[in-house]
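So you know, we letter chains A, B, ... as the sequences are listed, proteins then strands, and number each from 1.
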Number of protein chains: 2
Amino acid sequence: MSELPSTSYALLGLLSFGRELTGYDLKKWADSILRHFYGSPAMSVIYTDLKRLEEQGLVAARDVPTDEVRHKRVYTITPEGRTVLAQWVRNSPVETPSLKHAVAFRVWLGDLVEPERLTEIVEEHRTRTEAVLEELRRMETTTDPGLVYPRLVIRWSQRYYENERAAADQLLRELSVLTKRK
Amino acid sequence: MSELPSTSYALLGLLSFGRELTGYDLKKWADSILRHFYGSPAMSVIYTDLKRLEEQGLVAARDVPTDEVRHKRVYTITPEGRTVLAQWVRNSPVETPSLKHAVAFRVWLGDLVEPERLTEIVEEHRTRTEAVLEELRRMETTTDPGLVYPRLVIRWSQRYYENERAAADQLLRELSVLTKRK
DNA sequence: GGGAGCATGTAACGGGTTACATGATTGG
DNA sequence: CCAATCATGTAACCCGTTACATGCTCCC
């Protein structure tokens with residue numbers, strides 16, 4: 001059994017919590033939490049992946065009527081799907097985390113721009129980070145306490161973005177020195 | 001003037017420090033530092049991208065003989081290349097940093113595996129993080145103090161991976177509780 | 001009336017990885 | 001002598017993004 005694309009594991013992972021979900025639901029959930037540490041696939045990928053996973057017997061689909069004439073497809077993970085996912089979590093080589101940090105990259109090239117502009121960029125990043133932290137805080141309070149591991153990761157993420165914020169602040173301090181010196 | 005692929009900016013960025021470099025040099029340098037916060041492109045991409053950048057007049061190539069019969073191609077950034085890069089750094093919308101953290105993802109799915117196995121995975125991650133930190137420490141001492149911004153980012157990265165390590169330690173503590181409780 | 005949210009897909013494109021190919025030199 | 005390093009490329013492939021396409025319901 002060869003590897004699935006990582007998006008498929010993401011979907012299986014979301015479904016592994018046992019709920020019956022539509023593609024649309026999966027996207028929303030991925031956007032709300034997975035995005036912050038593993039990325040969130042585009043809708044189009046979700047629908048095509050779900051189809052493939054169904055062919056492979058890793059998820060099961062069922063049509064549920066939403067009104068007299070229309071319906072939606074809800075998906076559940078199958079026992080085989082659960083097995084494949086668990087095997088992957090347990091045995092597959094753990095890829096090193098990959099980070100693509102456009103802000104850090106721009107700071108790295110700081111000589112090419114005015115420190116003032118660089119400061120703006122880092123400030124914007126700080127603001128965005130704040131927003132993520134706010135989201136994570138809300139998520140912590142609204143997540144079922146029974147979900148021990150997801151809660152662990154929410155706190156892990158909080159710590160991550162708190163560091164991100166603190167690092168941004170540190171950069172801003174250092175940039176202000178460079179600006180004055182100019 | 002449309003956007004270049006982000007790999008091209010990475011190469012222009014490396015060349016913007018003014019040295020004459022081969023594709024091979026660029027790969028080494030990207031592996032040593034860019035990898036830690038922006039990713040490092042595969043060799044094949046580097047060579048094809050350099051060719052394209054040359055066609056676009058953003059880099060200039062020169063053949064330097066290595067022995068009687070062989071030679072290597074060394075690249076420099078052109079004034080136009082520098083302008084394009086600076087414009088990008090200054091004006092292009094800053095993509096939000098993206099993180100793909102296979103370790104966090106596995107922890108998130110912790111219910112699927114034994115806490116002992118999860119602990120192993122996090123421990124391996126911690127070890128790798130330590131190695132990166134060691135690398136960054138060496139890099140800090142060997143980097144030209146005149147390179148203010150790169151040094152800023154080296155310290156930023158150190159902070160980042162120190163947080164990564166501390167977060168791993170925290171996870172390990174929490175996992176040990178879960179293991180005992182079992 | 002219109003925008004946001006729910007809901008599902010297809011098609012085109014491309015950036016980037018892996019595999020394949022070649023070959024010289026240096027050091028353990 | 002063999003592995004690592006230096007050095008350069010091509011080809012196949014695919015994962016994932018963007019754009020395109022459709023239509024309903026609910027609320028302001």
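Here the P atom of nucleotide C:dG9 and the CZ atom of A:Arg73 are 7 Å apart, to the nearest Å. Distance A:Tyr47 OH to C:dA7 P: 8 Å, rounded to the nearest Å. Atom-to-atom, CG of B:Leu21 to P of D:dA7 comes out at 11 Å; the value is rounded to the nearest Å. To the nearest angstrom, P of D:dT5 lies 18 Å from CG of B:Leu26. Between the P atom of C:dA7 and the NZ atom of A:Lys51 lies a distance of 17 Å, rounded to the nearest Å. Atom CZ of A:Arg35 is separated from atom C1' of D:dG16 by 17 Å (rounded to the nearest Å). Note: OH (A:Tyr9) to C1' (D:dC15) measures 14 Å, nearest angstrom. The interatomic distance linking A:Glu3 (CD) with D:dC14 (P) rounds to 14 Å, in whole Å.
Between the axis at the start and the axis at the end of the helix from C:dG1-D:dC28 to C:dG28-D:dC1 there is an angle of 40°, using five pairs per end and rounding to 10 degrees.
Comparing B:Tyr24 and B:Tyr75 along DNA chain D, the residue whose closest nucleotide (by nearest heavy atom) sits nearer the 5' end is B:Tyr24.
Between the B:Thr78 side chain and the B:Gly57 main chain, a donor and an acceptor come within less than 3.5 Å of each other. In this structure, the side chain of A:Arg151 engages the main chain of A:Thr143 through a donor-acceptor pair within 3.5 Å. A donor-acceptor pair under 3.5 Å is absent between the side-chain atoms of A:Ser92 and the main chain of A:Val89, judged by distance alone.
Between the side chains of A:Lys100 and B:Ser6, at least one donor N or O lies within less than 3.5 Å of an accepting N or O. Side-chain contact check for B:Gln158 and B:Arg155: no donor-acceptor pair (N or O, by modelled atom type) lies under 3.5 Å.
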Next on the checklist: Base contacts versus sugar-phosphate-only contacts with protein, heavy atoms under 4.0 Å: please encode nucleotides 16-28 of chain C as B, S and - from 5' to 3'.
Outcome noted: SBB----BS----
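Salt bridge status for B:Arg137 with B:Glu134: present, with a side-chain N to carboxylate O gap under 4.0 Å. The pair A:Glu164-A:Arg126 does not count as a salt bridge, with every side-chain nitrogen at least 4.0 angstrom from each carboxylate oxygen. Taking a cutoff of 4.0 Å between a charged side-chain nitrogen and a carboxylate oxygen, A:Glu123 and A:Arg128 do not qualify as a salt bridge.
Judged as a ring-ring contact (aromatic ring centres under 6.0 Å, His included), and not counting sequence neighbours, the contacts of A:His125 are A:His101.
Counting any heavy atom pair closer than 4.0 Å across all strands shown, B:Lys28 reaches sugar-phosphate atoms only and no base atom.
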